[in-house]
Amino acid sequence: MANDSAVGLHDLSFATTEFVLPHTVLAAEKGVDVGKYHKGIGQWSMSVAAADEDIVTMGAAAAAPIIERHGSDGIRTVIFATESSIDQSKAAGIYVHSLLGLPSATRVVELKQACYGATAALQFAVGLVRRDPAQRVLVIAADVSKYDLDSPGEATQGAAAVAMLVGAGPALVRIEEPSGVYTADVMDFWRPNYRDTALVEGQESIGAYLLAVEGSWKDYTEQGGRALDEFAAFCYHQPFTKMAYKAHRQLLNYCGHAVDEERVGRDLGLTTAYNSVVGNSYTASVYLALAALLDQADDLTGRRIGFLSYGSGSVAEFFAGTVVPGYREHLRTEAHREAIARREPVDYARYRALHEYALPADGGDHRAPAQTTGPYRLAALRGHKRVYETTGGGRGASRPSARTSTAG
Ligand code: CAA
């Protein structure tokens with residue numbers, strides 16, 4: 001039975017890109033043994049955004065099925081978390097609000113803290129619902145992860161959006177208190193405003209993540225959190241899926257447990273299925289791990305899940321969720337698998353051209369190349385304004401648009 005005073009995830013849906021680059025193709029191009037990608041970092045392919053896709057089109061595609069199922073009643077807040085923002089001023093969520101036809105009586109805001117932003121959004125949403133349990137909050141986490149071509153980070157790129165409806169009496173997962181939180185001022189990964197690609201100190205970033213695992217767990221236990229053995233599974237931020245394994249071994253060690261690889265596999269094994277083929281979706285990644293777990297596990301009713309969210313720079317949070325009875329009736333497993341299966345494989349040259357593609361910055365009138373077959377697309381830039389359109393459906397659906405938006 002869902003506890004009425006409980007607050008948490010009522011629905012969860014994700015979307016990714018039009019294109020995909022398999023790591024076999026990347027390995028052949030770079031002259032790297034593909035084992036480095038498959039085994040070394042645990043990645044098999046990366047989602048590649050079309051020229052007319054971005055955090056808005058993915059965010060709207062992730063959120064639309066939630067609005068279709070639940071309507072917009074009670075949604076008075078939309079929080080959009082991202083590292084790969086498209087505007088220094090305007091919240092990306094306003095474009096999504098417009099594309100989805102949400103009511104004007106809504107507050108929309110954008111949140112940033114590298115890959116941690118979605119967890120801040122979720123916690124703020126829980127707080128808003130506790131203040132007024134009649135309200136629901138739409139949390140959207142969307143990112144296009146981009147490193148320099150030929151850099152070590154290139155193999156860990158990816159893109160996806162997760163939308164989560166947060167409310168009282170949740171149908172999927174109750175979010176528990178306390179949280180363990182941790183902040184340390186480190187330059188492990190950052191992106192100055194004048195750059196499209198992130199800068200990263202690769203090995204330092206791994207060390208910073210591991211320290212943050214310890215710090216947030218330490219605070220979690222000091223705040224009266226649960227013991228490690230009470231958790232059935234752990235959803236970690238997965239910049240590459242092997243990072244979750246490194247993090248979990250660190251946590252077991254820190255807690256004085258022997259590192260038993262069978263246990264590590266049991267605790268994490270089902271959480272990596274989507275991230276290993278999507279790549280790093282930054283702030284969406286920990287919730288893609290949750291989607292993969294819920295979509296694949298036999299039955300998690302009443303079981304506890306540990307969440308470890310890490311955002312470089314750095315901020316981390318450990319918290320727990322309890323899976324609600326009946327949750328399986330509300331999952332979107334088929335749609336999630338379709339979002340991954342529908343991507344069109346590209347060769348290295350096409351991927352590279354997409355990576356190098358930059359929107360014109362001259363303020364002129366420019367149509368965006370029509371590439372995506374997803375439900376929303378960036379149609380044009382006009383006088384420095386982005387124009388989005390609804391395409392009328394999924395892959396193969398005919399264009400052009402039913403509705404266009406500059407969202408102001
Ligand atoms: N077969 C099997 N394994 C192989 C192999 C082969 N042929 N060749 C190499 N490997 C293994 C290596 O032994 C290594 O494993 P361990 O980490 O267990 O030692 C692994 O493959 C990777 O090899 P390298 O360390 O040599 O790889 P690299 O230096 O080229 O790049 C990286 C690795 C630093 C993670 C790089 O991909 C990178 O910079 N990524 C971006 C930064 C990142 O993701 N950091 C994670 C923490 S920060 C964070 O989480 C926030 C965020 O989202 C960015």
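Just so it is clear, the model here is predicted, and its values are computed rather than measured. Just so you know, ligand 1 is whichever comes first in the structure, and atom 1 is the first atom listed for that ligand.
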Under 3.5 Å side-chain donor-acceptor pair for T301 and D299 = yes
key: Proximal ligand 1 atoms for S312, defined as those under 4.0 Å from one of its heavy atoms   = 48 (S), 49 (C), 51 (C)
ask   = Short check: is a protein heavy atom less than 4.0 Å from atom 32 (C) of ligand 1?
value = no
inquiry  = Just to confirm my output: which protein heavy-atom neighbour is closest to atom 22 (C) of ligand 1, and how far is it?
reply    = I41 CG2, 3.9 Å
inquiry  = Return the closest protein heavy atom for atom 7 (N) of ligand 1 as residue, atom name and distance.
reply    = D33 OD2, 2.9 Å
note = For Q203, the ligand 1 atoms with a heavy-atom partner under 4.0 Å come out as 25 (O), 29 (O), 34 (C)
inquiry  = Are F189 and Y282 an aromatic pair, judged by ring center distance below 6.0 Å?
reply    = yes
inquiry  = Is there a polar contact between ligand 1 and D188, counting only N or O atoms under 3.5 Å apart?
reply    = no
task = Taking only heavy atoms of T156 into account, list the atoms of ligand 1 that are under 4.0 Å away from them.
result = 37 (O), 40 (N), 41 (C)
query = Of all the non-hydrogen atoms in the protein, which one sits nearest to atom 38 (C) of ligand 1, and at what distance?
reply = G153 CA, 3.7 Å
inquiry  = Ignoring hydrogens and geometry beyond distance, is a side-chain donor-acceptor pair present between Y351 and E154 at under 3.5 Å?
reply    = yes
task = Considering only protein heavy atoms, determine whether one is less than 4.0 Å from atom 12 (C) of ligand 1.
result = no
task = Please identify each residue that fulfils ring pair (Phe, Tyr, Trp, His ring centres under 6.0 Å) with F319, with sequence neighbours left out.
result = F307
query = Numbering the atoms of ligand 1 from 1, which are under 4.0 Å from a heavy atom of K246?
reply = 16 (P), 17 (O), 18 (O)
message = Looking at non-hydrogen atoms alone, which of P152, A212, G42, G40 comes nearest to atom 37 (O) of ligand 1?
response = P152
ask   = Can you find a side-chain donor-acceptor pair between E110 and S85 that sits under 3.5 Å?
value = yes
inquiry  = Tell me whether ligand 1 is touched by A155 - counting only heavy atoms on the residue side and a distance under 4.0 Å.
reply    = no
Cationic N near anionic O, under 4.0 Å, R266 to D260 = no
message = Using heavy-atom distances only, which candidate in G35, A198, G202 approaches atom 34 (C) of ligand 1 most closely?
response = G202
Going by atom type alone, with no hydrogens or angles, which donor-acceptor pairs under 3.5 Å involve a side-chain atom of residues 54-71 and a protein atom two or more places apart or on another chain?
unit_1: D54; atom_1: OD1; unit_2: V56; atom_2: N; d: 2.8
unit_1: D54; atom_1: OD1; unit_2: T57; atom_2: N; d: 3.1
unit_1: D54; atom_1: OD2; unit_2: R386; atom_2: NH1; d: 2.6
unit_1: D54; atom_1: OD2; unit_2: Y388; atom_2: OH; d: 2.5
unit_1: T57; atom_1: OG1; unit_2: D54; atom_2: N; d: 2.9
unit_1: T57; atom_1: OG1; unit_2: D54; atom_2: O; d: 3.1
unit_1: R69; atom_1: NH1; unit_2: H330; atom_2: O; d: 3.0
unit_1: H70; atom_1: NE2; unit_2: D11; atom_2: OD2; d: 2.8

Nearest neighbour in protein (non-hydrogen) for atom 30 (O) of ligand 1 = K36 NZ, 2.8 Å
inquiry  = Would H237 count as a polar contact of ligand 1, with the cut-off being nitrogen or oxygen pairs under 3.5 Å?
reply    = yes
request  = Indicate whether the side chain of S47 and that of R343 have a donor and an acceptor atom separated by less than 3.5 Å.
outcome  = yes
key: For F189, the ligand 1 atoms whose distance to one of its heavy atoms is below 4.0 Å   = 54 (C)
key: Per atom 48 (S) of ligand 1, closest listed option by heavy atom (S205, S145, A27)   = S205
remark   = Of all protein heavy atoms, the one nearest atom 42 (C) of ligand 1 is V200 CG2, 3.5 Å
key: Between D188 and S312: side-chain donor-acceptor atoms closer than 3.5 Å   = yes
key: Distance filter under 4.0 Å to C115 heavy atoms, resulting ligand 1 atoms   = 51 (C), 52 (C), 53 (O)
key: Nearest-option assignment for atom 54 (C) of ligand 1, heavy atoms, candidates Y245, F240, Y147, Y236   = Y147
T77 and Q135: side chain donor to acceptor below 3.5 Å = no
ask   = Is atom CZ of R303 surrounded by more than 12 heavy atoms (other residues, nucleotides or ligands) closer than 6.0 Å?
value = no
Atom indices of ligand 1 within 4.0 angstrom of Y310 heavy atoms, with elements = 48 (S), 49 (C), 50 (O)
query = Does L268 reach the side chain of T241, with side-chain heavy atoms less than 4.5 Å apart?
reply = no
ask   = Counting only heavy atoms on the protein side, is anything nearer than 4.0 Å to atom 5 (C) of ligand 1?
value = yes
remark   = Heavy atoms of L199 and P192 approach each other most closely as CD1-CD, 3.8 Å
